[in-house]
Amino acid sequence: MTINRLRISSSFAKMAEEISKAGLGTSTSSSETAKSRSLWPSVLRWIPTSTDHIIAAEKRLLSLVKTPYVQERVNIGSGPPGSKVRWFRSSSDEPRFINTVTFESKPESPTLVMIHGYAASQGFFFRNFDALASRFRVIAVDQLGWGGSSRPDFTCKSTEETEAWFIDSFEEWRKAKNISNFILLGHSFGGYVAAKYALKHPEHINHLILVGPAGFSSESDAKSEWITKFRATWKGAVLSHLWESNFTPQKLVRGLGPWGPDLVRRYTSSRFGTYSIGDILNDEESRLLSDYVYHTLAAKASGELCLKYIFAFGAFARMPLLQSASEWKVPTTFIYGSQDWMNYQGAQEARKSMKTPCEILRVPQAGHFVFIDKPSTFHSTVFYACRRFLSSEPDKESLPEGIISA
């Protein structure tokens with residue numbers, strides 16, 4: 001865990017150095033500037049992206065999926081200028097939208113809603129939609145401020161407001177879609193949001209699946225003094241300042257302008273290719289995912305600015321889920337890659353206080369993106385987690401081969 005956190009910190013340091021050397025800035029958030037930029041052809045823009053680019057890249061990526069789907073931008077309402085609802089605040093009363101894809105399935109199939117993680121969007125599940133749609137009605141969303149969803153100015157100033165930004169906008173989406181009694185799956189930061197939503201609205205959730213969830217440990221829970229020692233170094237001081245200044249990886253991508261796509265391509269090829277833990281992406285998958293990831297990262301900063309309000313430096317939760325374990329009301333399954341940098345021991349600690357059924361399952365030869373690294377094994381694990389909704393004899397279902405019950 002310590003080594004992985006230090007790797008993350010080092011990557012932030014490299015970003016800072018590159019930006020300082022290049023003297024690069026970040027994108028403006030004003031709607032006027034965005035409109036004027038849209039008049040220029042993509043090849044002439046410093047940041048060659050737009051919402052249209054995101055949706056087009058999404059369609060190209062999802063062309064790999066064989067199951068028919070419907071893409072829509074669900075209206076979650078609007079608020080007047082100066083509204084007290086943070087995710088409504090803007091200089092206009094324009095409505096907000098949540099980008100949503102729904103995959104066809106058999107009648108009466110249980111509904112599975114999927115929430116992506118930080119610096120991601122729903123297209124990251126492209127390797128999973130076909131298999132999951134064979135047994136679920138699958139609905140995947142881009143959280144507010146991410147992917148093809150609306151990107152309002154981020155005006156939250158506290159952890160509570162930031163959590164409400166994601167939880168309440170998701171609840172408005174649920175109301176607009178008129179769905180309830182669904183299985184909710186969240187990955188990483190999306191797992192944090194899904195868990196917080198389930199704590200606030202347990203009446204809508206049949207089962208909760210948290211895939212490599214963030215937010216189960218706080219800085220005070222750290223077993224070592226590494227974070228204190230690291231902060232005492234010059235690199236630690238720089239990184240801590242960048243963190244509290246809300247410096248994000250996306251700012252680097254925007255700062256590099258037309259060189260940003262190549263940076264993203266190199267990362268995607270490396271993480272899911274050369275240094276892949278599991279099943280390597282083929283050339284077409286890698287190309288389409290890289291293109292999609294670039295456009296979602298380079299678009300206007302919005303939801304990404306939640307980082308410093310949800311986590312302290314070192315990725316420790318400011319309001320850890322572990323503290324709410326005794327309030328859990330929804331049966332839960334945790335799924336981790338065996339080499340996930342998120343520590344499954346946090347889930348084990350939470351389980352001790354939970355009063356609802358809880359399973360912790362580990363997928364071999366997989367990292368944090370377990371659903372990309374080992375998609376087939378991931379699907380089997382999800383089916384097993386949801387056996388009481390999918391099988392007439394759930395008690396006779398056996399643990400998938402190779403899966404470790406922690």
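Predicted, not measured: the structure shown is a model, and the values here were computed from it.
Ionic pairing of Asp340 and Arg362 is not present here: no N-O contact between side-chain nitrogen and carboxylate oxygen is shorter than 4.0 angstrom.
For Phe334, the ring pair (Phe, Tyr, Trp, His ring centres under 6.0 Å) partners are Phe216, not counting sequence neighbours. Looking at residues two or more places apart in sequence or on another chain, you find a side chain to side chain donor-acceptor pair (under 3.5 Å) between Thr333 and His207. Partners of Glu244 according to the side chain to side chain donor-acceptor pair (under 3.5 Å) rule, which considers only residues two or more places apart in sequence or in another chain, are Arg318. Listed by chain and number, the residues in a salt bridge (Lys or Arg N to Asp or Glu O under 4.0 Å) with Lys59 amount to none (sequence neighbours excluded). Not counting sequence neighbours, the partners of Glu304 by the side chain to side chain donor-acceptor pair (under 3.5 Å) test are Thr248, Arg254. Under the ring pair (Phe, Tyr, Trp, His ring centres under 6.0 Å) criterion, Phe170 pairs with Trp173, Tyr197, sequence neighbours left out. With sequence neighbours excluded, the residues forming a side-chain contact (heavy atoms from CB on, under 4.5 Å) with Leu390 are Pro110, Arg135, Phe136, Phe383, Cys386, listed by chain and number. Shown here are the salt bridge (Lys or Arg N to Asp or Glu O under 4.0 Å) partners of Glu171, two or more places apart in sequence or in another chain: Arg174. For Tyr69, the ring pair (Phe, Tyr, Trp, His ring centres under 6.0 Å) partners are Phe103, not counting sequence neighbours. Under the rule for a ring pair (Phe, Tyr, Trp, His ring centres under 6.0 Å), Tyr292 has no partner lying at least two apart in sequence or in another chain. With sequence neighbours excluded, the residues satisfying salt bridge (Lys or Arg N to Asp or Glu O under 4.0 Å) with Arg387 are Glu359. For Lys352, the side chain to side chain donor-acceptor pair (under 3.5 Å) criterion is met by Glu349, not counting sequence neighbours.
Summarising the geometry of Thr268 relative to Ser286, their closest heavy-atom pair is CG2-O, 4.2 Å, with the distance given to 0.1 Å. When every heavy atom of Pro364 is checked against every heavy atom of Lys374, the shortest pair comes out as O-CG, 3.6 Å. For the pair Ala133 and Thr67, the tightest heavy-atom approach, listed with the atom from each and the gap, is CB-CG2, 3.9 Å. Considering all non-hydrogen atoms of both residues, Gly148 and Ile55 come closest at CA-CD1, 4.1 Å. Heavy atoms only, all atoms of each residue included: Ile115 and Gly190 are closest at CG2-CA, 3.9 Å. When all heavy atoms of Ser302 and Gly145 are compared, the closest pair comes out as OG-CA, 3.4 Å.
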Fill in: Criterion side-chain contact (heavy atoms from CB on, under 4.5 Å) on Leu361 and Leu399, from CA distance to verdict
CA-CA 9 Å; Leu361 307 175; Leu399 191 68; 3.7 Å; yes
Discussion item. Between Gln71 and Leu62, does the side-chain contact (heavy atoms from CB on, under 4.5 Å) criterion hold? Intermediate values first, please.
Written reply: CA-CA 10 Å; Gln71 182 269 336; Leu62 295 187; over 6 Å; no
Item to complete: Please step through side-chain contact (heavy atoms from CB on, under 4.5 Å) for the pair Asp373 and Arg271, ending with a clear verdict.
Response: CA-CA 10 Å; Asp373 292 335; Arg271 170 59 183 85; 2.9 Å; yes
Practice prompt. Starting from the C-alpha separation in whole Å, work towards a yes-or-no answer on side chain to side chain donor-acceptor pair (under 3.5 Å) for His53 and Ser50.
Written response: CA-CA 5 Å; His53 280 81; Ser50 66; 2.7 Å; yes
Discussion item. Quick one, His187 with Met114, criterion side-chain contact (heavy atoms from CB on, under 4.5 Å). Give me CA distance, side-chain angles, the key distance, then yes/no.
Written reply: CA-CA 8 Å; His187 171 242; Met114 307 178 74; over 6 Å; no
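In this structure, Ile335 CD1 and Ile360 CD1 are separated by 11.5 Å, a value rounded to the nearest 0.5 Å. With rounding to the nearest 0.5 angstrom, the CZ atom of Phe311 is 10.0 Å from the OG1 atom of Thr159. To the nearest 0.5 Å, atoms OG (Ser149) and CD1 (Ile76) are separated by 8.0 Å. Within the model, atoms CD of Glu172 and CG of Leu144 stand 11.0 Å from one another, a figure rounded to the nearest 0.5 Å. Rounded to the nearest 0.5 angstrom, Ile54 CD1 and Asn99 CG are separated by 8.5 Å. One finds the CD1 atom of Ile205 at 3.5 Å from the CZ atom of Phe182 (value rounded to the nearest 0.5 Å).
Looking at heavy atoms from C-beta onward, Phe124 lies in side-chain contact with Val293 at the 4.5 angstrom threshold. Residues Pro152 and Trp165 have side chains in contact (heavy-atom distance under 4.5 Å, counting atoms from C-beta outward). Contact annotation: the side chain of Asn128 never approaches that of Val138 to less than 4.5 Å [non-hydrogen atoms, C-beta and beyond]. In this structure the side chain of Arg137 reaches within 4.5 angstrom of the side chain of Ile139, judged on heavy atoms. Residues Val113 and Ile179 are in side-chain contact: their nearest non-hydrogen atoms beyond the backbone lie under 4.5 Å apart. Taking the side chain as every heavy atom from C-beta outward, Glu58 and Ser121 never approach each other to under 4.5 Å. With contacts defined as side-chain heavy-atom distances shorter than 4.5 Å, the pair Met319/Tyr192 qualifies. Between Arg60 and Arg287, the closest side-chain pair of non-hydrogen atoms is not below 4.5 Å.
A donor-acceptor contact shorter than 3.5 Å links the side chain of Asn206 to the backbone of Asn181. No donor-acceptor pair under 3.5 Å is formed between the side chain of Lys329 and the backbone N or O of Pro202. No donor-acceptor pair closer than 3.5 Å links the side chain of Ser270 to the backbone N or O of Arg266. For the pair Gln143 (side chain) and His116 (backbone), a donor-acceptor distance under 3.5 Å is present. Here the side chain of Ser338 pairs a donor or acceptor atom with the backbone of Gln365 at under 3.5 angstrom. A donor-acceptor pair under 3.5 Å links the side-chain atoms of Arg127 to the main chain of Ile372, judged by distance alone. Under the 3.5 Å distance criterion, the side-chain polar atoms of Asp142 are matched with a main-chain donor or acceptor of Gln122. Asn343 places no side-chain N or O within 3.5 Å of a backbone atom of Gly346 that could act as its donor or acceptor partner.
Tested against Phe189 for a ring-ring contact (aromatic ring centres under 6.0 Å, His included), the candidates Trp146, Tyr309, Phe166 yield a single pass: Phe166. Only one option out of Glu163, Glu327, Glu160 pairs with Lys196 in a salt bridge (Lys or Arg N to Asp or Glu O under 4.0 Å); it is Glu163.
Ring-plane geometry between Phe371 and Phe125 is classed as tilted, the angle between the planes lying from 30 to 60 degrees on a 0 to 90 degree scale.
Heavy-atom neighbours of Asp283 CG from other residues, nucleotides or ligands within 6.0 Å: at or below the threshold of 12. Annotation: Glu203, atom CD; neighbour count of heavy atoms from other residues, nucleotides and ligands within 6.0 Å is above 12.
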